[in-house]
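Fair warning: this is a prediction, and the values are worked out from it, not measured in the lab. Counting begins at 1 with the first residue of the sequence. Atom set for the values below is all heavy atoms of this structure, side chains included, hydrogens, waters and symmetry mates excluded.
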Amino acid sequence: MNVPISNAGTDGVPTGGTSAENTHADNTAAGVRTGSTPAERTREEHTRSVATPGGGGRSPAPGRGRPRDASRDAALRNAALEVMAEVGYRALTMDAVAARARAGKATIYRRWESKLELVIDTCTQLVRRNIPEPDHGAIDADLREFLSAFAGFLTGPIGKAAQALVGELPHEPELAEAFRESFLLPQRNMLRRIIERSLQRGEIRTDAPIDTVVELAGAALIHRLMLTGEPLDQRFVDRLLNEALLPLLR
């Protein structure tokens with residue numbers, strides 16, 4: 001349920017200025033570097049946040065009141081995901097995210113200086129949290145668990161948001177680059193590692209077309225999710241694995 005934005009965020013920070021004013025004020029206080037691309041800044045901020053309790057997003061500036069509540073980060077990311085799934089990336093606004101999360105805009109801008117950085121960080125955190133890397137010592141079990149987890153991930157809230165993002169990629173170069181790096185590449189790299197471990201164990205043939213299998217696995221799931229509208233269920237996952245991927249590897 002959307003609620004009006006109050007004059008102060010949940011952190012007790014006034015939100016009466018414009019988006020640009022709030023952004024400038026928070027960036028100045030936090031010492032945010034603005035000379036690089038959003039994707040690069042997001043990666044740098046994540047690296048800095050590893051040593052910060054709660055992780056993710058921007059590290060709080062020393063002396064800026066009480067420590068940041070990590071639960072608010074998750075609430076803001078979830079709100080961004082929900083709004084994006086409903087209206088798409090282009091219509092997504094910080095006002096809408098703030099209203100959905102029942103927070104002030106200043107609360108958001110202390111963590112992300114633009115909606116692009118918010119979306120990138122949201123995708124990165126969701127992928128990291130929802131798709132573990134299996135290593136059971138058997139290619140069948142590892143691939144089945146990975147594909148099932150990825151299918152479940154795509155059919156959840158992120159699936160609708162991903163569809164909304166994909167439509168914008170040809171028109172938003174920075175978003176396209178960030179989406180590939182934060183959402184697509186981690187999955188491809190994980191799948192490649194799974195297959196390469198099976199190669200080291202001698203489970204698959206040495207000339208197996210690993211690149212083709214990696215491309216085919218992702219393409220089949222995305223195609224079914226975004227184009228055919230057919231169920232992305234366990235039955236499909238098993239058919240993809242047994243009729244296409246494993247025969248190519250063995």
| request: Quick one: pull up CG in Asp142 and CD1 in Ile195 and give me the separation to the nearest 0.5 Å. | output: 10.5 Å
| message | Under the salt bridge (Lys or Arg N to Asp or Glu O under 4.0 Å) definition, can you give me all pairs with a residue in residues 217-226, not counting sequence neighbours? | response | Arg224-Glu230
| Which atom pair, heavy atoms only, marks the closest approach of Pro132 to Met190? | O-SD, 3.7 Å
| task | Report yes if the side chains of Asn78 and Thr122 come closer than 4.5 Å at any heavy-atom pair, otherwise no. | result | no
| said: Please determine whether side-chain contact (heavy atoms from CB on, under 4.5 Å) holds for the pair Val237 and Gln234, giving the CA-CA distance in whole Å, both sets of side-chain angles, and the decisive distance to 0.1 Å. | reply: CA-CA 5 Å; Val237 167; Gln234 190 62 46; 3.8 Å; yes
| said: According to side chain to side chain contact (heavy atoms under 4.5 Å, CB included), who are the partners of Leu175, at least two apart in sequence or on a separate chain? | reply: Tyr89, Leu116, Val119, Leu165, Glu168, Leu169, Glu172
| Shortest non-hydrogen contact from Ala138 to Glu203? | CA-OE2, 3.3 Å
| said: Just to verify, what does Thr93 make a side chain to side chain donor-acceptor pair (under 3.5 Å) with, not counting sequence neighbours? | reply: none
| request: Would you give the length of the straight line joining atom CG of Leu225 to atom CZ of Phe150, rounded to the nearest 0.5 angstrom? | output: 9.0 Å
| note | Residue set satisfying salt bridge (charged side-chain N to carboxylate O under 4.0 Å, His left out) with Arg193, at least two apart, ordered chain then number -> Glu133
| Do the side chain of Lys105 and the main chain of Val97 share a donor and acceptor less than 3.5 angstrom apart? | no
| Who passes side chain to side chain donor-acceptor pair (under 3.5 Å) against Gln187, sequence neighbours left out? | none
| task | Just jot down the ring-ring contact (aromatic ring centres under 6.0 Å, His included) partners of Phe179, sequence neighbours excluded, or say none. | result | Phe183
| said: To check you understand the geometry: which heavy-atom pair defines the closest contact between Arg201 and Gly137, and what is its length? | reply: NE-O, 3.3 Å
Taking only distance into account, with no hydrogens and no angle test, what donor-acceptor pairs under 3.5 Å do side-chain atoms of residues 242-250 form with protein atoms, sequence neighbours excluded?
from: Asn242; atom 1: ND2; to: Asp238; atom 2: O; distance (Å): 3.0
from: Arg250; atom 1: NH2; to: Asp140; atom 2: OD1; distance (Å): 2.4
from: Arg250; atom 1: NH2; to: Asp140; atom 2: OD2; distance (Å): 3.2

| field | Verdict with reasoning, Leu76 to Trp112, per side-chain contact (heavy atoms from CB on, under 4.5 Å) | value | CA-CA 10 Å; Leu76 291 167; Trp112 306 279; 3.7 Å; yes
| task | Look at the side-chain heavy atoms of Ile, Leu, Val, Met, Phe, Trp and Tyr, link any pair under 4.5 Å apart, and say whether Leu185 and Phe146 land in one connected group. | result | no
| Interatomic distance, Ser148 atom OG to Ile131 atom CD1 [nearest 0.5 angstrom] | 11.0 Å
| field | Ile204 to Leu199 - nearest heavy-atom pair and separation | value | CG1-CA, 3.8 Å
| request: To the nearest 0.5 angstrom, please state how far the CD atom of Glu117 sits from the CD1 atom of Ile108. | output: 13.5 Å
| message | Between Thr155 and Asp233, is there a side-chain heavy-atom distance shorter than 4.5 Å? | response | no
| field | Residues forming a salt bridge (charged side-chain N to carboxylate O under 4.0 Å, His left out) with Glu145, sequence neighbours excluded | value | none
| query | Do you know which two heavy atoms are closest between Arg197 and Pro134, and how far apart they sit? | reply | NH2-O, 3.0 Å
| query | CD of Glu86 to CG of Leu81: how many Å apart, nearest 0.5 Å? | reply | 10.0 Å
| remark: Sorted by chain and residue number, the side chain to side chain contact (heavy atoms under 4.5 Å, CB included) partners of Ala164 (sequence neighbours excluded) come out as Met84
Side-chain polar contacts of residues 208-218 - donor-acceptor pairs under 3.5 angstrom, sequence neighbours left out - could you list them?
from: Asp211; atom 1: OD1; to: Arg192; atom 2: NH1; distance (Å): 2.7
from: Asp211; atom 1: OD1; to: Arg192; atom 2: NH2; distance (Å): 2.9
from: Glu215; atom 1: OE2; to: Arg188; atom 2: NH2; distance (Å): 2.7

| field | Sequence-distant partners of Ala75, side chain to side chain contact (heavy atoms under 4.5 Å, CB included), two or more places apart | value | Arg72
